[in-house]
Amino acid sequence: MKIETIRNLDLKGKRVLLRVDFNVPLDKFGRIVDDTRIREALPTIKYLEDQGARIILVSHFGRPKGKVDEKLRMEPIGRYLSRLINHDVLISREPIGEKLRDRIRYMEFGDIMLLENIRFYPKEEKNDPNFAKELAGLAEIYINDAFGTAHRAHASTDGVAHFLPSYAGFLMEKEIKYLSEILEKPQRPFFCILGGAKISTKLGVIENLIKRVDKLILGGALVHTILAAKGIKIGKSLVEKDLISEAKRLLKYEDDSKLILPKDGLVSKDSKGKQAARVSDFSDIKPDEAIFDIGPQTIAYYKELILQAKLIVWNGPMGLFEVPAFDNGTYKIARAIASTSAKTIVGGGETLEVTKKLGLQKKYSFVSTGGGAMLEFLEGKKLPGIAVLQ
């Protein structure tokens with residue numbers, strides 16, 4: 001996939017609107033617990049700074065639903081960025097307006113300004129053309145480095161690019177390069193490991209990748225709908241009943257060992273892990289029990305398969321990893337993928353959380369900053385934030 005990047009641009013003194021993805025997770029005290037997305041944007045920010053551009057950063061943070069939420073202001077993110085780059089970051093409490101344009105006029109070469117949370121404004125998610133045009137009026141060049149939002153046709157990811165010369169940042173370029181190689185010329189054997197809560201969020205990518213991979217290995221609660229499609233009684237496990245018929249269509253791939261499902265799981269009556277869990281081969285799950293993790297036989301089997309792969313793509317946990325009683329499957333698979341000699345590409349918000357907690361980020365070949373964007377890219381969809389740059 002060919003895309004215009006910023007390498008050959010004359011950027012000195014230019015006002016550059018840079019869309020970044022600073023939507024980082026916080027703890028209950030409001031502290032950043034994973035700064036991966038901020039750090040991944042630093043090469044583009046540093047390059048623009050070195051080139052003497054006047055950098056205007058725009059990002060969303062959380063889900064304010066078009067309203068101002070004091071807990072989701074960008075100011076703490078700006079202060080954190082200042083410490084990372086050892087450079088003052090100007091903070092704006094608005095993303096548009098005459099006062100802001102006046103402040104930008106007085107920015108010096110290499111200065112950085114972070115605009116307010118763009119999703120405080122309902123016109124952002126509506127991709128309102130007038131809002132996009134006003135946003136574009138702040139700058140002379142638009143750069144999108146927010147792969148994590150590339151699947152959204154919003155004003156700051158799509159609309160603004162219709163009013164300015166538009167390019168991809170280094171992170172966007174890197175994401176496209178790695179994920180395009182998966183679809184166009186994957187190393188073999190090519191295994192994909194998918195987990196997570198709902199099959200509805202992964203069904204498209206399952207149907208697209210099942211034709212491309214050598215093995216598609218599944219875990220997490222999304223498996224429950226497939227087990228239900230097989231007629232297995234799985235108690236009160238999470239099931240998307242309206243997708244059972246679609247899940248049945250996938251079972252033909254299990255017959256030729258292309259679709260790999262868990263052999264056993266950890267079941268319990270209690271999702272908080274306070275009651276003892278037990279291992280089940282899915283033949284004896286009681287009506288008041290649910291599956292919360294893959295079992296030891298499945299873990300051993302999946303680790304054996306992982307050793308055979310030359311390329312592994314992983315997105316999504318194997319169980320309810322947020323609860324310590326049910327984190328074993330996810331953690332052991334994460335470590336197994338990290339220890340293999342295969343090329344490894346991982347992505348997804350929960351997946352990043354796991355890799356960060358285990359200190360494994362540098363053990364993988366590539367860690368994607370996109371969750372939904374990564375899945376839709378691998379699903380073969382045209383992402384608005386990328387299409388507008390081509």
Side-chain angles (χ1 to χ4, degrees), residues 11 14-24 26 32 37-38 41 44-45 48-49 53-82 85 87-108 110-169 171-172 384-385 388-389:
L11 296 164
K14 294 285 176 41
R15 288 173 285 116
V16 174
L17 185 68
L18 176 60
R19 181 47 159 110
V20 290
D21 182 6
F22 287 171
N23 185 29
V24 292
L26 306 179
I32 295 172
R37 285 175 171 162
I38 298 176
T44 298
I45 294 171
L48 294 174
E49 187 181 9
R54 289 179 283 177
I55 308 159
I56 306 154
L57 301 174
V58 58
S59 178
H60 72 287
F61 178 42
R63 296 180 178 178
K65 298 180 180 179
K67 297 178 182 178
V68 174
D69 184 334
E70 292 298 326
K71 295 179 181 178
L72 296 177
R73 288 198 178 274
M74 297 303 298
E75 190 171 347
I77 306 292
R79 292 197 300 267
Y80 189 88
L81 176 63
S82 293
I85 63 176
H87 185 299
D88 286 340
V89 173
L90 305 170
I91 307 293
S92 171
R93 280 223 160 186
E94 58 274 321
I96 55 175
E98 189 58 39
K99 288 183 179 179
L100 175 58
R101 286 195 292 271
D102 286 342
R103 286 188 70 191
I104 290 171
R105 288 190 193 103
Y106 290 102
M107 287 175 67
E108 297 182 0
D111 275 356
I112 301 171
M113 179 182 287
L114 177 62
L115 304 186
E116 186 53 276
N117 189 338
I118 197 67
R119 288 191 185 169
F120 282 177
Y121 303 83
K123 292 181 180 180
E124 157 68 2
E125 294 190 58
K126 292 177 181 176
N127 199 6
D128 182 276
N130 293 322
F131 184 72
K133 187 175 183 180
E134 199 167 353
L135 195 58
L138 302 176
E140 299 161 273
I141 293 171
Y142 170 69
I143 299 169
N144 193 342
D145 212 26
F147 177 77
T149 63
H151 59 316
R152 305 297 188 195
H154 293 172
S156 68
T157 59
D158 173 68
V160 70
H162 295 279
F163 298 102
L164 288 173
S166 302
Y167 306 88
L171 174 59
M172 180 72 81
V388 78
L389 302 178

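A quick note: this is a predicted structure, and the numbers were derived from the prediction, not measured.
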What heavy-atom pair brings [X] and [Y] nearest, and what distance separates the two atoms?
X	Y	value
V16	A139	C-CB, 4.1 Å
V388	G385	CG1-O, 3.8 Å
L17	V160	CD2-CG2, 3.8 Å
V20	A41	CG1-CB, 4.1 Å
L389	Y142	CD2-CE2, 4.4 Å
P64	N117	CG-ND2, 4.0 Å

Which residues pass the side-chain contact (heavy atoms from CB on, under 4.5 Å) test with [X], not counting sequence neighbours?
X	result
E70	V68, R73, R93
A132	A155, F163
R63	none
V89	L81, S82, I85, I91, I112, L114

inquiry  = A quick test of your reading: do over 12 heavy atoms of other residues, nucleotides or ligands sit less than 6.0 Å from CD of E108?
reply    = no
ask   = Got a sec: does the CG of D69 have more than 12 other heavy atoms crowding it under 6.0 Å?
value = yes
note = Those residues at least two apart in sequence (or on a different chain) that pass side chain to side chain donor-acceptor pair (under 3.5 Å) with H87 are E49
task = Can you sort out the partners of S92 under side chain to side chain donor-acceptor pair (under 3.5 Å), two or more places apart, ordered by chain and number?
result = E94
Measure the [atom1]-[atom2] distance between [X] and [Y] for me, rounded to the nearest 0.5 Å.
X	Y	atom1	atom2	answer
M107	D102	CE	CG	13.5 Å
M172	T44	CE	OG1	10.0 Å
L100	I56	CG	CD1	7.5 Å
I32	R79	CD1	CZ	10.0 Å
R54	L138	CZ	CG	12.0 Å
Y106	L90	OH	CG	14.5 Å

query = Partners of R37 by salt bridge (charged side-chain N to carboxylate O under 4.0 Å, His left out), sequence neighbours excluded?
reply = D21
key: Contacts of type salt bridge (charged side-chain N to carboxylate O under 4.0 Å, His left out), residue R103, not counting sequence neighbours   = none
Should [X] and [Y] count as side-chain neighbours, where that means a heavy-atom distance under 4.5 Å?
X	Y	value
L57	F22	yes
R19	I118	yes
T149	H60	yes
N144	S166	no

inquiry  = Test: salt bridge (charged side-chain N to carboxylate O under 4.0 Å, His left out). Region: residues 150-168. Which pairs qualify, not counting sequence neighbours?
reply    = none
request  = Could you name each residue pair satisfying salt bridge (charged side-chain N to carboxylate O under 4.0 Å, His left out) that touches residues 135-146, not counting sequence neighbours?
outcome  = R15-E140
task = Could you tell me whether K67 and E125 have a side-chain N and a carboxylate O separated by less than 4.0 Å?
result = no
key: Listed once per pair and sorted, the side chain to side chain donor-acceptor pair (under 3.5 Å) pairs that draw on residues 129-138, sequence neighbours left out   = none
